[in-house]
Chemist: 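Structure below; questions to follow.
Source: prediction; values computed, not measured.
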Amino acid sequence: MKKKSIEWLHRTKSGKASDKWASYLPYYDFLFGPLREVAIDMLEIGVQNGGSLDTWSKYFENGRKFIGCDIDTGCSQLSYDDPRISIVVGDANAAPAFQEIKNICAEFDIIIDDGSHKSMDIMNSFVNYFPLVKPGGIYVIEDTHTLYSSQFGGGVLNEYSAYAFFKRLIDVTNFQFWRDDLAIKPYFSTFFPEGDTPSFITDGWVESIDFRNSIITITKSHQAGHEKLGERVIAGTSTQVQILAASLKW
């Protein structure tokens with residue numbers, strides 16, 4: 001029997017409301033499909049009416065923990081028949097909520113930030129929670145179109161916004177090619193002026209960053225390090241057209 005897609009589960013759901021943009025749904029099927037049969041642990045920051053947790057728990061039938069965190073005290077009234085689902089009420093970036101989340105589950109395969117959508121909160125959440133992503137895991141930030149608005153601490157030319165931060169983080173995935181010109185800490189001095197750039201950045205835990213309309217996805221490496229290109233692999237025996245100059249090898 002063919003399993004139901006996230007899009008189908010979302011569009012046909014009843015009960016607790018869930019609010020997602022249409023383009024997110026097929027993307028999540030693509031992104032999360034390889035993890036569908038895995039006993040995942042998942043955190044969602046910002047759950048509003050709590051309906052998305054229903055969707056995730058139905059999609060990931062073998063999932064172990066589904067934690068939702070929301071600052072709205074009304075979320076304390078949310079209840080679920082599924083014992084795998086937990087609600088933490090509080091500011092995800094404040095110590096009490098952060099500790100409560102870690103007490104329920106120390107590491108996550110998937111974290112989705114659907115919280116305040118404010119630039120500073122997004123960056124703080126990433127700094128706090130990306131270290132809790134398991135090697136090879138996925139960190140998703142939703143509704144990043146807000147980062148073009150000054151109301152959310154963003155703006156197209158705002159070099160201090162979360163968008164500017166993640167665009168800069170792209171260069172870290174290629175650090176092996178500019179490491180002789182500049183260190184990572186001064187490169188991030190705009191965001192970490194005291195030189196306290198998070199160790200997961202300097203150690204090379206960021207594997208990839210994907211920018212889509214209103215979504216940023218960051219994948220965690222399976223192991224720390226900046227030598228991500230790997231060996232140069234040349235196959236075949238015929239070189240009728242001259243092969244790439246050896247001087248271009250790194």
Chemist: According to side-chain contact (heavy atoms from CB on, under 4.5 Å), who are the partners of Ser189, at least two apart in sequence or on a separate chain?
Modeler: none

Chemist: How would you list, by chain and number, every residue that makes a side-chain contact (heavy atoms from CB on, under 4.5 Å) with Ser57, sequence neighbours excluded?
Modeler: Phe66, Asp82, Arg84, Ile85

Chemist: Please find out if less than 6.0 Å separates the ring center of Tyr148 from that of Tyr163.
Modeler: yes

Chemist: Please report the closest heavy-atom contact between Phe98 and Ala92, naming both atoms and the distance.
Modeler: CB-O, 3.9 Å

Chemist: Quick one: does any side-chain atom of Asp41 pair with a main-chain N or O of Asp109 as donor and acceptor, under 3.5 Å?
Modeler: no

Chemist: Taking the six-membered ring for Trp, is the centroid-to-centroid distance between Tyr59 and Tyr28 below 6.0 Å?
Modeler: no

Chemist: Check for me whether the distance between the ring centres of Phe175 and His226 falls short of 6.0 Å.
Modeler: yes

Chemist: With side chain to side chain donor-acceptor pair (under 3.5 Å) as the rule and sequence neighbours excluded, what pairs involving residues 87-105 come up?
Modeler: Asn93-Ser125, Asn93-Asn128, Gln99-Asn103

Chemist: State yes or no: are the ring centers of Phe188 and Phe165 separated by less than 6.0 Å?
Modeler: yes

Chemist: Could you tell me whether Lys228 and Glu207 make a salt bridge, using a distance below 4.0 angstrom between a side-chain N and a carboxylate O?
Modeler: yes

Chemist: Considering only NZ, NE, NH1 and NH2 on the basic side and carboxylate oxygens on the acidic side, decide whether Arg179 and Asp181 come within less than 4.0 Å.
Modeler: no

Chemist: Among all residues two or more places apart in sequence or in another chain, which pass the side-chain contact (heavy atoms from CB on, under 4.5 Å) test with Asn174?
Modeler: Phe177

Chemist: Look at the rings of Tyr187 and Trp178 and say which category their plane angle falls in: under 30° parallel, 30 to 60° tilted, over 60° perpendicular.
Modeler: tilted

Chemist: Closer than 4.0 angstrom, basic N to acidic O: yes or no for Lys20 and Asp114?
Modeler: yes

Chemist: Does Thr217 form a side-chain hydrogen bond (donor to acceptor under 3.5 Å, both in side chains) with Tyr27? I'd like the steps, not just the answer.
Modeler: CA-CA 11 Å; Thr217 303; Tyr27 174 58; 2.6 Å; yes

Chemist: If the plane angle is over 60° it's perpendicular, under 30° parallel, otherwise tilted; pick one for Phe200 and Phe130.
Modeler: tilted

Chemist: For Lys16, which residues count as a salt bridge (charged side-chain N to carboxylate O under 4.0 Å, His left out) partner, sequence neighbours excluded?
Modeler: none

Chemist: Would a hydrophobic clustering, with Ile, Leu, Val, Met, Phe, Trp and Tyr connected at side-chain separations under 4.5 Å, put Met123 with Ile216?
Modeler: yes

Chemist: Give a yes or no on whether Ile141 and Phe152 share a hydrophobic cluster (residues Ile, Leu, Val, Met, Phe, Trp, Tyr; joining criterion: side-chain heavy atoms under 4.5 Å apart).
Modeler: no

Chemist: Report the residues that fulfil side-chain contact (heavy atoms from CB on, under 4.5 Å) with Ala17, sequence neighbours left out, ordered by chain and then residue number.
Modeler: Asn49

